[in-house]
Amino acid sequence: DVKVTQSSRYLVKRTGEKVFLECVQDMDHENMFWYRQDPGLGLRLIYFSYDVKMKEKGDIPEGYSVSREKKERFSLILESASTNQTSMYLCASSLGGDILNTEAFFGQGTRLTVV
Amino acid sequence: AQKVTQAQTEISVVEKEDVTLDCVYETRDTTYYLFWYKQPPSGELVFLIRRNSFDEQNEISGRYSWNFQKSTSSFNFTITASQVVDSAVYFCALSEYYGGSQGNLIFGKGTKLSVKP
């Protein structure tokens, strides 16, 4: 089974802190994604990566950056956390390459609260 | 621009009722895939089905069925004889190829289904 693991289930951080959310997948997938999920807004794409060291902005990249130094790991970075970044963060991976039809596999989510 | 619309925010039914979750999409591509995911209260999204843009056959899997109609850009999901365990948020998603970055999933806002005993 494909496994996507997010490092924390719950996280509480202070305003202004630098926050790292880590995600690891074990199926050699090319694509990795970071979404945030908010009530009434569904899942919104923050960043995605289709290869090591490659990244592309999603719909809401402001205030976030990402890092993909190894194929299996995709990190989301909040440079200076703010209260409006309190949310559920979901990491996902998919096979990628020229294969368009593969579904994405999701981690269990990290509920981040910024106080 | 690509977009997925789930007009129903919340639906509440009584066990054993049939329920249909609507999904309408917009895309500029001729090649694309549609997906449904389930998010139970535990939070992890679970893949249910994929359908490619060239295959308009309806699909049935147990109590679940999907109706894909390109003419109306819709990919609706029906649960027959609903059960309490079907209570979850259901997301419709679209994957298309554009600009060399393929496989990006665009999600609708989700429909929260509550099935009462």
Side-chain angles (χ1 to χ4, degrees), chain A residues 1-6 8-10 23 25 27 29-51 54-61 68 87-112, chain B residues 1-10 21 23-25 27 29-55 66 68 75 88-112:
Chain A
D1 278 355
V2 173
K3 199 162 176 69
V4 178
T5 304
Q6 295 181 229
S8 304
R9 192 72 194 264
Y10 299 95
C23 176
Q25 50 93 5
M27 280 300 289
H29 281 175
E30 304 279 345
N31 292 347
M32 295 189 76
F33 308 85
W34 275 107
Y35 291 88
R36 67 176 278 178
Q37 183 179 8
D38 301 287
L41 297 178
L43 275 73
R44 293 180 293 166
L45 182 67
I46 305 171
Y47 269 97
F48 70 98
S49 168
Y50 51 92
D51 201 351
M54 306 301 287
K55 61 186 179 185
E56 289 212 13
K57 292 180 180 179
D59 299 321
I60 51 164
R68 192 155 179 214
S87 186
M88 170 71 90
Y89 290 87
L90 293 165
C91 175
S93 72
S94 67
L95 194 56
D98 285 334
I99 303 170
L100 184 60
N101 67 340
T102 57
E103 70 270 29
F105 295 86
F106 283 82
Q108 77 277 28
T110 297
R111 187 166 291 282
L112 172 67
Chain B
Q2 59 276 28
K3 189 178 173 183
V4 176
T5 301
Q6 294 178 255
Q8 304 148 309
T9 306
E10 290 193 45
L21 309 182
C23 174
V24 174
Y25 62 92
T27 178
D29 273 4
T30 55
T31 302
Y32 53 90
Y33 281 81
L34 295 160
F35 302 80
W36 275 95
Y37 284 83
K38 175 182 180 180
Q39 186 180 40
S42 60
E44 192 166 330
L45 270 83
V46 176
F47 165 75
L48 294 177
I49 191 173
R50 80 172 69 87
R51 173 65 68 217
N52 76 58
S53 51
F54 299 108
D55 181 4
W66 290 269
F68 175 35
F75 185 42
V89 180
Y90 291 86
F91 290 95
C92 181
L94 166 71
S95 174
E96 63 174 20
Y97 188 95
Y98 70 98
S101 302
Q102 60 82 27
N104 182 13
L105 274 178
I106 299 147
F107 284 84
K109 293 184 179 179
T111 297
K112 183 177 181 181

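Values below: every heavy atom of this structure, side chains too, minus hydrogens, waters and symmetry copies. Just so we're on the same page: letters track the sequence lines, and every chain starts at 1.
- Heavy atoms of Gln6(B) lying under 4.5 Å from chain A are absent altogether.
- Here Arg68(A) pairs with nothing under the salt bridge (Lys or Arg N to Asp or Glu O under 4.0 Å) rule; sequence neighbours left out.
- Atom-to-atom distance recorded for Leu45(B):CG and Leu43(A):CG is 6.0 Å, nearest 0.5 angstrom.
- Going from atom CZ of Phe47(B) over to atom OG of Ser94(A) covers 12.0 Å, rounded to the nearest 0.5 Å.
- More than 12 heavy-atom neighbours from other residues, nucleotides or ligands sit within 6.0 angstrom of NZ on Lys38(B).
- Of the listed residues Pro39(A), Ala92(A), Gly40(A), Gly58(A), the one with more heavy-atom pairs under 4.5 angstrom with chain B than any other is Gly40(A).
- Distance check: Tyr37(B) OH to Phe106(A) CZ gives 5.5 Å after rounding to the nearest 0.5 Å.
- Around CZ of Arg111(A), the count of heavy atoms belonging to other residues, nucleotides or ligands within 6.0 Å does not exceed 12.
- Across Leu105(B) and Ala104(A), no two heavy atoms sit closer than the pair CD1-CB, 3.5 Å.
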